[in-house]
A.B. asks: 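Sharing a structure, written as structure tokens. Questions coming.
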Amino acid sequence: MTKFPTHNKKLSDWVNKMARFCEPDEIIWIDGSLNQKKQLEEEAIASGELIPLNQEKSPGCFLHRTAIDDVARTEHLTFICTKRKQEAGPTNNWMSPRAAYAKANKYFKGAMRGRNMYVIPYSMGPVGSTFSKIGVELTDSRYVVLNMMIMTRVGEKVLRQLEIEDNFTKCLHSKADLDINKRLILHFPEDNTIWSVGSGYGGNVLLGKKCLSLRIASFLARKEHWLAEHMLIMGIEKPNGQVQYLAAAFPSACGKTNLAMLVPPEGLKVKGYRIWTVGDDISWMRIDTDGSLWAINPETGFFGVAPGTNSKTNPNMVETIKKNTIYTNVLLKNDNTVWWEGADGDIPAGGIDWQGRPWKPGQVDVNGKPVLAAHPNSRFTAPIVNCPSASFRLEQHHGVPISAIIFGGKRGHLAPLVYESFNWQHGVFVGATMGSELTAAQVGKVGVVRRDPMAMLPFCGYNMAEYFRHWLNMGKKMPKAPKIFSVNWFRVDPHGKFLWPGFGENLRVLEWILDRCENKIGATETPIGYIPNLNDIDLTGIKLAENALEKLFKIDKEAWVEELKGVKAFFQKFKGDLPKELWQEYQDLLLRLKQQNG
Ligand code: GTP
Ligand code: SPV
Ligand code: MN
């Protein structure tokens, strides 16, 4: 047996045990060096896992295609495996650890034959920070290794840290046969273990992301009194140099990445704001000695949605993905660069589509539907340091102080452009009752509204009723709690046209939020919360449709009463576990809506 580069016996014993189980040809430890990365890229090219792109136009960039039934997270195959079902709660799929291990055992047994097992020691968060957690992922996929190298801190320095601290999340992944019928994404929070088999898609296999940083971390966060959330983190710097930070939770494919790196719109340029991107997907937050909430982004890269990304919607991202980026499921153009629906430039004359078939614009399938060049959930993996707006505090062990928490979703109707909660408890209710239309990031019917509390429905590693209680408790522990807001960029007119232009223009809404945090301006009280006095939103240089602003802030009380029926049904799922404070908020809101209805 070759000698392992660690003295951590728990680690070497586990690697040995898993290797005997999965039977790889070789065990290869990822040291994080450039040489090893180059070698892996070459091997991945030889094996067909990666296609090198035009190295002059896209240096360090590659394309990867997944299996066609392996293009998004598979929530129905994702399980929380706790001893008691109650612990997973009514919103998670549950399996007993014994049943789950037994089932997955069959799929993992010998699954790595003819392949290598890569050992990836990684840190979520700066190595050694009190915020950070270490994971070790074993995988037979070079694509996974190369993605993890972008998304997390990997290698030698993490192994050194594992000489000091013993604890790490044991993450096992095998592509196996990429068979959807033998695919499982299993979380064992009580064992600090994740097993993923039969998939090669991002959120299912980059186990530091949703699996560790949200499902396992949320479980740990409750025990350790902090928050692990599906949130972007951004800083807004004023000309006087003061930077205020916001954290915002929107469900998958609802605009976190775009907001996190927005470019101030033309009309606000004179105000001299500068935006700093801390993170676009995950926020770990702790109460610091100053009594306020501080946050880090545990990741080091973006795994972003490609379609719709262009120099108008997200110029910072266009810059970010010019080099050292892995593209997944997009169109390969004839000049060996990539394209997707809503990308910059002309629609290409042809290329190879995400499924590896020849593609031409205007092509339709047997049902007469346009054939997409890129999958709607096609993505890119790019290092955060490429981003022109990358925050200068990414490596800070203490993170950044959060002034406001924002919840949002995709709602064509009902939810106003922005409103402020009355207080922390009401804010938790606002987060807990969030609804959003399904997008291509989940397997399911696009457009259907589902309740997605705090954008964590698919990511909470324990009973959501307890999660709400944890949120309520965190508020009580925090002398300087952030204010909580709700936003909705997606309200439409009767013709289905967006009432709000979104993207960079969203800064106008953030400006109002920050002014409210600093108690600079008043607001109008409505049954659901405070909405802006319309004059307080700076509309310099923007043209909205007639009465658009009024429509964006219209509170349709009857529709809200109707909405509350869905909320009630959702709350009832938790039976006696739901904190009574949330039922109280529900009753109070209902009363306010009915009172004002007269
Ligand atoms: P995940 O990576 O899945 O967690 O998604 P995300 O929340 O980071 O979403 P992202 O920023 O990638 O946006 C997804 C889609 O929403 C893209 O198609 C965007 O073009 C669109 N989008 C983002 N911001 C806005 C906005 O302000 N208005 C409108 N109308 N669309 C937006
Ligand atoms: C999401 O779906 O929320 C993502 C992409 O950020 S994935 O990593 O696949 O979960
Ligand atoms: Mn996400």
Side-chain angles (χ1 to χ4, degrees), residues 66 70-75 78 144 147-148 151 185 196 199-215 229-234 248-263 265 277 279-283 297 299 301-310 312-314 316-317 321 328-329 340-343 374-382 406-412 417-418 436-444 446 452 455-459 487-492 496-510 552:
T66 65
D70 194 20
V71 292
R73 281 179 295 102
T74 37
E75 293 178 7
T78 301
V144 167
N147 273 275
M148 287 292 284
M151 297 303 296
I185 323 297
S196 162
S199 173
Y201 168 76
N204 285 343
V205 300
L206 308 178
L207 300 185
K209 201 173 180 46
K210 298 303 164 52
C211 300
L212 190 160
S213 289
L214 292 178
R215 298 195 190 96
E229 300 299 327
H230 190 202
M231 291 180 179
L232 68 93
I233 310 167
M234 68 189 293
F250 311 155
S252 303
C254 288
K256 287 185 299 303
T257 301
N258 278 270
L259 191 67
M261 54 190 73
L262 72 75
V263 170
T277 307
D280 79 326
D281 201 44
I282 293 166
S283 173
N297 165 20
E299 303 187 289
F302 305 122
F303 183 60
V305 179
T309 305
N310 61 51
K312 252 188 100 185
T313 57
N314 196 343
N316 279 321
M317 190 56 98
I321 59 182
T328 301
N329 293 339
W340 47 81
E341 279 71 19
H375 186 274
N377 192 41
S378 54
R379 298 216 170 219
F380 43 73
T381 320
I406 304 174
F407 294 120
K410 204 172 237 176
R411 296 302 298 260
L417 181 60
V418 60
S436 194
E437 294 164 15
L438 284 181
T439 66
Q442 305 94 14
V443 170
V446 171
D452 190 349
M456 281 289 278
L457 183 76
F459 307 122
V487 300
N488 176 29
W489 315 136
F490 299 93
R491 202 153 166 173
V492 291
K497 202 168 168 289
F498 290 122
L499 285 163
W500 179 250
F503 303 99
E505 309 291 350
N506 294 334
L507 181 58
R508 301 171 192 275
V509 173
L510 303 185
L552 281 162

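Reckoned from all heavy atoms, side chains included, excluding hydrogens, waters and symmetry mates. Remember, it's 1-based here, ligands and their atoms both numbered in the order they're listed.
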A.B. asks: With heavy-atom distances below 4.5 Å as the criterion, would you say the side chains of Arg491 and Leu552 are in contact?
C.D. replies: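 Yes, at least one pair of side-chain atoms sits under 4.5 Å.
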A.B. asks: For residues Asn147 and Thr381, is any side-chain donor paired with an opposing acceptor at under 3.5 Å?
C.D. replies: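 The answer is yes; a qualifying pair exists.
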A.B. asks: Is His230 near ligand 2, meaning one of its heavy atoms is under 4.0 Å from it?
C.D. replies: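 The answer is yes: ligand 2 sits under 4.0 Å from a heavy atom of His230.
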A.B. asks: Record the part of Ser252 in heavy-atom contact with ligand 1 below 4.0 Å; permitted values are side chain, backbone, both and neither.
C.D. replies: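 Both parts.
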A.B. asks: For a 4.5 angstrom cut-off between non-hydrogen side-chain atoms, does Val492 reach Leu499?
C.D. replies: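 Val492 vs Leu499: side chains apart.
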A.B. asks: Under 4.0 Å from a heavy atom of Tyr201: give me the atoms of ligand 2 that qualify, with their elements.
C.D. replies: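 Listed by number with element, the hits are 5 (C), 7 (S), 9 (O).
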A.B. asks: Which of the atoms in ligand 1, numbered in the order shown and given with their element, are less than 4.0 Å from a heavy-atom of Ala253?
C.D. replies: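 Those qualifying, in numeric order: 1 (P), 3 (O), 4 (O), 5 (O), 6 (P), 7 (O), 9 (O), 14 (C), 15 (C), 16 (O).
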A.B. asks: Regarding atom 28 (N) of ligand 1: of the candidates Trp500, Phe302, Phe503, which has the closest heavy atom?
C.D. replies: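 The nearest heavy atom belongs to Phe503.
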A.B. asks: Within the structure, does Thr257 bring an N/O atom to less than 3.5 angstrom of an N/O atom in ligand 1?
C.D. replies: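 Right, the criterion is met.
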A.B. asks: Asn258 and Trp489: side-chain donor and acceptor closer than 3.5 Å?
C.D. replies: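 There is no such pair between these side chains.
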A.B. asks: Could you list the atoms of ligand 2 found under 4.0 angstrom from a heavy atom of Asp281?
C.D. replies: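 Per the distance check, 6 (O).
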A.B. asks: Anything protein N/O/S under 2.8 Å from the Mn ion (ligand 3)? Just list residue and atom, please.
C.D. replies: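 Listed by chain and number: Lys210 NZ, His230 NE2, Asp281 OD1.
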A.B. asks: Does Pro307 reach ligand 1, in the sense of a heavy atom lying below 4.0 Å from it?
C.D. replies: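 Right, Pro307 reaches ligand 1.
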A.B. asks: Going by the closest heavy atom to atom 3 (O) of ligand 1, which one wins out of Lys410, Lys256, Arg379?
C.D. replies: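 That would be Arg379.
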A.B. asks: So, Arg73 and Ser199: side-chain donor and acceptor under 3.5 Å apart, yes or no?
C.D. replies: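 Per modelled atom types, Arg73 and Ser199 side chains form no pair under 3.5 Å.
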A.B. asks: Taking distance alone, with no angle check, do Asn258 and ligand 1 share an N/O pair under 3.5 Å?
C.D. replies: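 Asn258 vs ligand 1: N/O contact under 3.5 Å present.
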A.B. asks: With heavy atoms only and a cut-off of under 4.0 Å, state how Phe490 meets ligand 1: side chain, backbone, both or neither.
C.D. replies: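 The side chain, only.
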A.B. asks: May I ask you to list the atoms of ligand 1 that are less than 4.0 angstrom from any heavy atom of Asp281?
C.D. replies: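 Those atoms are 4 (O).
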A.B. asks: Are Met234 and Leu262 close enough, and set up right, to give a side-chain contact (heavy atoms from CB on, under 4.5 Å), and what steps lead you there?
C.D. replies: CA-CA 9 Å; Met234 68 189 293; Leu262 72 75; 4.2 Å; yes
A.B. asks: Which heavy atom of Ser196 sits nearest a heavy atom of Val205, and at what distance?
C.D. replies: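 Distance-wise, the nearest heavy atoms are OG-CG1, 4.1 Å.
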A.B. asks: Output the list of atoms in ligand 1 that are nearer than 4.0 Å to some heavy atom of Val305, sorted by atom number.
C.D. replies: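 Once the distances to Val305 are compared, the set is 12 (O).
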A.B. asks: Does either side chain, that of Asn329 or that of Thr66, offer a donor lying less than 3.5 Å from an acceptor on the other one?
C.D. replies: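 There is such a pair between these side chains.
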A.B. asks: Could you list which atoms of ligand 1 come closer than 4.0 Å to a heavy atom of His230?
C.D. replies: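 Contacts of ligand 1 toward His230, numbered from 1: 4 (O).
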A.B. asks: Which ligand 2 atoms, with their elements, are less than 4.0 angstrom from a heavy-atom of Gly203?
C.D. replies: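 Reading through ligand 2 atom by atom, the close ones are 7 (S), 8 (O), 9 (O), 10 (O).
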A.B. asks: Under 4.0 Å from a heavy atom of Lys210: which atoms of ligand 2 are those, numbered in the order shown and with their elements?
C.D. replies: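 Reading through ligand 2 atom by atom, the close ones are 1 (C), 2 (O), 3 (O), 4 (C), 5 (C), 6 (O), 7 (S), 10 (O).
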A.B. asks: Which ligand 2 atoms, with their elements, are less than 4.0 angstrom from a heavy-atom of Phe303?
C.D. replies: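 That gives atoms 5 (C), 8 (O), 9 (O) of ligand 2.
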A.B. asks: In terms of atom number and element, which parts of ligand 1 are under 4.0 angstrom from non-hydrogen atoms of Phe498?
C.D. replies: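 In order of numbering, the contacting atoms are 30 (N).
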A.B. asks: Have Asn506 and Arg508 got a donor and an acceptor in their side chains that come within less than 3.5 Å?
C.D. replies: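 The criterion, which ignores hydrogens and geometry beyond distance, is not satisfied for Arg508 and Asn506.
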A.B. asks: Is it possible for you to check whether Lys410 lies under 6.0 Å from the centre of the six-membered ring of Phe490, through NZ or CZ, and within 45° of that ring's axis?
C.D. replies: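 Positive - Lys410 is close enough to the ring of Phe490 and near enough to its axis.
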A.B. asks: Is there any N or O on Asn506 that sits under 3.5 Å from an N or O of ligand 1?
C.D. replies: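 Yes; at least one N/O pair falls below 3.5 Å.
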A.B. asks: Do Gly255 and ligand 1 have an N or O pair less than 3.5 Å apart?
C.D. replies: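 Yes; at least one N/O pair falls below 3.5 Å.
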A.B. asks: Is there side-chain contact between Met261 and Asn314, with at least one heavy-atom pair below 4.5 Å?
C.D. replies: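 Yes, their side chains come closer than 4.5 Å.
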A.B. asks: One thing to verify: whether Lys209 and Glu299 come together as a salt bridge, which I'm taking to mean a side-chain N less than 4.0 angstrom from a carboxylate O.
C.D. replies: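 Salt bridge between Glu299 and Lys209, a charged N being under 4.0 Å from a carboxylate O: yes.
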A.B. asks: Would you mind listing which atoms of ligand 2 come within a distance below 4.0 Å of any non-hydrogen atom of Ser252?
C.D. replies: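 Counting from 1, the qualifying ligand atoms are 1 (C), 2 (O), 3 (O).
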A.B. asks: Pairing donors with acceptors under 3.5 angstrom, does anything connect the side chains of Asp280 and Thr257?
C.D. replies: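 Looking only at side-chain atoms, Thr257 and Asp280 do form a donor-acceptor pair, the distance falling under 3.5 Å.
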A.B. asks: So do the side chains of Leu259 and Phe503 get within less than 4.5 Å of each other, counting heavy atoms only?
C.D. replies: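 No, every pair of side-chain atoms sits at 4.5 Å or beyond.
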A.B. asks: Any atoms of ligand 1 less than 4.0 Å from a non-hydrogen atom of Gly502? List them with their elements.
C.D. replies: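 Going through ligand 1 atom by atom, the ones under 4.0 Å from Gly502 are 26 (C), 27 (O), 28 (N).
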A.B. asks: Find all atoms of ligand 2 within a distance of less than 4.0 Å from any non-hydrogen atom belonging to Lys209, and give their numbers and elements.
C.D. replies: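 Matching atoms, with element in brackets: 6 (O), 8 (O).
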A.B. asks: When you measure from the heavy atoms of Pro251 to every atom of ligand 1, does any distance fall below 4.0 Å?
C.D. replies: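 Yes, that is the case, since the closest heavy atom of the residue is under 4.0 Å from the ligand.
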A.B. asks: What part of Leu259, side chain, backbone, both or neither, has a heavy atom within less than 4.0 angstrom of ligand 1?
C.D. replies: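 Neither part.
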